[in-house]
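Below, chain A is the first sequence line, B the second, and so on; all start at residue 1. Not measured: the values here are computed from a predicted model.
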There are 2 protein chains.
Amino acid sequence: MASSHEERRITLEDVAREANVSTASVSRVVNNKGYVSEEVRNRVMAALVRTGYVINRQARGLASGKSQVIGLVVPELETSYFGEIIRGIDEELVAVGYDLMLYTTHHRKQRESAHVATLTAGLADGLLLVLPQDPGAYLESFRRRRFPYVLIDHGGIDETGPSVGATNLQGALDGTDYLIQLGHRRIGFITGKMHMGCAVDRLAGYRQALEAAGIPYDPELVLEGDFHQPLGYQQACRLLSLSHRPTAIFASNDAMGFGVMEAVRDSGLRIGHDISILGFDNVPAASMVHPPLTTVRQPLTEMGRAATRMLLQRIAAPDTPVERIDLPTELVVRESCRMIAGP
Amino acid sequence: MASSHEERRITLEDVAREANVSTASVSRVVNNKGYVSEEVRNRVMAALVRTGYVINRQARGLASGKSQVIGLVVPELETSYFGEIIRGIDEELVAVGYDLMLYTTHHRKQRESAHVATLTAGLADGLLLVLPQDPGAYLESFRRRRFPYVLIDHGGIDETGPSVGATNLQGALDGTDYLIQLGHRRIGFITGKMHMGCAVDRLAGYRQALEAAGIPYDPELVLEGDFHQPLGYQQACRLLSLSHRPTAIFASNDAMGFGVMEAVRDSGLRIGHDISILGFDNVPAASMVHPPLTTVRQPLTEMGRAATRMLLQRIAAPDTPVERIDLPTELVVRESCRMIAGP
DNA sequence: GTTACATCTGCAAGCGCTTACAGAATGGAT
DNA sequence: ATCCATTCTGTAAGCGCTTGCAGATGTAAC
């Protein structure tokens, strides 16, 4: 037995009737656009309050062609990496009254494309793509339809679209350089997933720093990782078992850095004293582990903010010239790296 | 100069024309409901593919009164706590083709209410509220309008609505009991924000365990925290400086537990050996710190999943009897707690 | 008193879809 | 041959909003 008081939705028409004006006028008041006399405005305002009207965004979206929603496509949410980016996005969006539609692809390309399709078909006014996996599939279509989008941490995948990233190469260069300053000459390096631009850039930074310091590149010291802790642990074990083992290990992200710490500890060596460890990202946990992990900070929240501002700008004016921003990384010195012990 | 090839959206009508049928038939094929002959179905399918039609969700939502969107309101995204819950939600939602609208309140009640208002006015078919701050403001209205919702980690705030939580009391009881088994009698306790139900429950669990073991409750050992690391650190310092200091400290969540670890280390004591430390939540970082933190796991992903299933059920049948589920917590023994050292 | 212009208001036509409803066609059962 | 049930298809009326347009009014300039 349904309750007798099934409340009907309050529509613009109800408000119009209540205020004794047309729906057009109510709409003008609600959106604060177009000519409305002081008198009518007051009557409508009162009616709005009295009826408790709440706009139906779907209807407005359909009628106006603008949804005030932006879509966000991320590969996952497990790491705080994404949480921090989203925080930046959210901060900007709230300020302008946009809403956020969240899609997680779990690294499956097909889902990425499917999500992108519905989103761009009227659901969202613009798209933010974090770490896109398969952008080729739709970027061309965006451009053709002039659909606003911005890539975050694109990693050089799309060379022509608007994007926000970090100075991964410079960050890795700075980090490696720091280790060199501390006297290290044999520096192990664990890469990220090499199909991702940021992983490639970080490796490049490492190599450039070595080269600049005149240290020969030793392929034995560079192992491929996947940005996850377990593989960081394994690869660190391999590095530690080298006959001429490294005195420092640079992990391409913090998660793998934690794996390295574990491996070093398991092998009976002291972190910092015997082996220096450097991470990348500066996730919150980096300051919680012991010893606190020295790392290269990536300004994730700022990246989210910058990308959102860029997107909003492009929604307002789709012909804004394409911008590509790389925000600066920053070395965060903690306690996992030390001057190399005497020879 | 706008490009000359501004592509127009493909609508149902375009497909209908292409397939030489009415829009009604196309709609029936697209939604796979109602009678359609094999022949028409094939023609439409072909036209669908040929035109590259993508449905406009706004229009469908407006026409059908169902948006296939569920709204998620969370206080923040900084901690992985929320990421894990969202993961569970996402898993369930993908399976049924629903989309997720994400709202972050940043702990501001007013924003919570505002978001809730738009969401329930046609934008979403149902709402998931995580750690709601001010549910009184709208729960009554939901019930009146029979709008589907489910609370996650409600903490006893809404005693009558559908909800999913964890056995916080039992978890804290188990944790405390474990410490008692290890021989600890003076157990410090740092609470969460006491206006939150889960914080209250955890404290209650602590007290019950003491009582059951016949250990008198010492208010000196119980300090109020806020679920964040810095205050965890401070309160731990206070506990450590007590004339008769505790041999174990139970922090109401892992973040504060990390603060406690820091404080213990700073005071020159050894974690585990001199002071046992117990956390709550089992966030990923708990296994990364050193020594790995013993903690009470909260099944966050499962909670997200359970809540979503419950919500979908209520959307399908709003009169489903109200369910209230508390998923079991589980003690995760690592290395931060040890048998008490000899007297 | 015209004219020109800005201000105001309502009418009504959509936006792209769903879904009664009605009518047509088909196939038994009688 | 008649009837009914079932399957199929199209017509058209919305869903709740925005917005172009036209008409009405007010005001300043001539």
Side-chain angles (χ1 to χ4, degrees), chain A residues 7-45 47-48 51-69 97 117-125, chain B residues 7-45 47-48 51-69 97 117-125:
Chain A
E7 286 178 31
R8 210 175 42 79
R9 291 193 44 77
I10 308 278
T11 70
L12 258 201
E13 214 175 318
D14 298 322
V15 180
R17 201 176 312 114
E18 178 84 13
N20 222 340
V21 295
S22 68
T23 60
S25 291
V26 178
S27 174
R28 287 182 196 112
V29 170
V30 169
N31 296 297
N32 202 21
K33 84 193 309 190
Y35 293 118
V36 189
S37 68
E38 201 52 32
E39 218 247 296
V40 168
R41 164 165 280 113
N42 291 336
R43 282 221 309 278
V44 171
M45 291 290 214
L48 245 23
T51 55
Y53 173 75
V54 177
I55 197 164
N56 181 321
R57 306 273 309 257
Q58 303 229 51
R60 169 196 272 177
L62 184 56
S64 69
K66 249 86 202 47
S67 62
Q68 296 273 105
V69 167
T118 26
L119 274 168
T120 61
L123 240 196
D125 293 342
Chain B
E7 288 181 27
R8 210 176 42 78
R9 292 193 44 75
I10 308 274
T11 70
L12 257 202
E13 218 176 316
D14 298 322
V15 180
R17 202 176 310 113
E18 178 84 13
N20 223 338
V21 296
S22 70
T23 61
S25 290
V26 179
S27 174
R28 285 190 278 255
V29 170
V30 169
N31 296 297
N32 201 21
K33 86 197 301 195
Y35 293 117
V36 190
S37 67
E38 201 53 31
E39 216 248 297
V40 167
R41 174 175 318 263
N42 290 335
R43 284 221 308 279
V44 171
M45 289 293 212
L48 246 22
T51 54
Y53 173 76
V54 177
I55 198 164
N56 181 319
R57 307 273 308 254
Q58 304 229 51
R60 169 196 272 179
L62 184 56
S64 69
K66 247 85 200 55
S67 62
Q68 295 273 105
V69 166
T118 29
L119 273 169
T120 60
L123 239 197
D125 293 341

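Interface limits on DNA chain C: the 5'-most and 3'-most nucleotides within less than 4.0 Å of chain A heavy atoms are C/dT7 to C/dG16.
If you measure from atom NZ of A/Lys33 to atom P of D/dT18, you get 8 Å, rounded to the nearest angstrom. Atom-to-atom, CD of B/Glu39 to C1' of D/dT9 comes out at 12 Å; the value is rounded to the nearest Å. At whole-Å resolution of the value, OH in A/Tyr35 and C1' in D/dA24 are 15 Å apart. Taking atom CZ of B/Arg43 as the reference point, atom P of D/dC8 lies 14 Å away to the nearest angstrom. Here D/dG14 presents its P atom at 18 Å from CG of A/Asn56, a figure rounded to the nearest Å.
Side-chain N or O atoms of A/Asn42 include none that pairs as donor or acceptor with a backbone N or O of A/Glu39 at under 3.5 Å. Remark: the backbone N or O of A/Ala47 is not paired with any side-chain donor or acceptor of A/Glu18 at under 3.5 angstrom. B/Ser67 places a side-chain N or O within 3.5 Å of a backbone atom of B/Leu123 that can act as its donor or acceptor partner.
Side-chain atoms of B/Val40 lie closest to D/dT9 of the nucleotides D/dT9, D/dT18, D/dG14.
Residues B/Arg28 and B/Val40 are not in side-chain contact: their nearest non-hydrogen atoms beyond the backbone lie 4.5 Å or more apart. The shortest side-chain heavy-atom distance between A/Val30 and A/Leu48 falls under the 4.5 Å cut-off.
Within the 4.0 angstrom heavy-atom criterion, no nucleotide atom of any strand lies near A/Lys66.
How far NZ of A/Lys33 is from OG of A/Ser27: 8.0 Å, rounded to the nearest 0.5 Å. The structure places CD of A/Gln58 at 7.0 Å from CG of B/Leu62, a figure rounded to the nearest 0.5 Å.
Residue B/Tyr53 forms a side chain to side chain contact (heavy atoms under 4.5 Å, CB included) with just one option from B/Leu12, B/Val44, B/Asp14, and that option is B/Leu12.
Residues from residues 22-30 of chain A lying near DNA chain D, meaning a heavy-atom separation below 4.0 Å, are A/Ala24, A/Ser27, A/Arg28 in numerical order.
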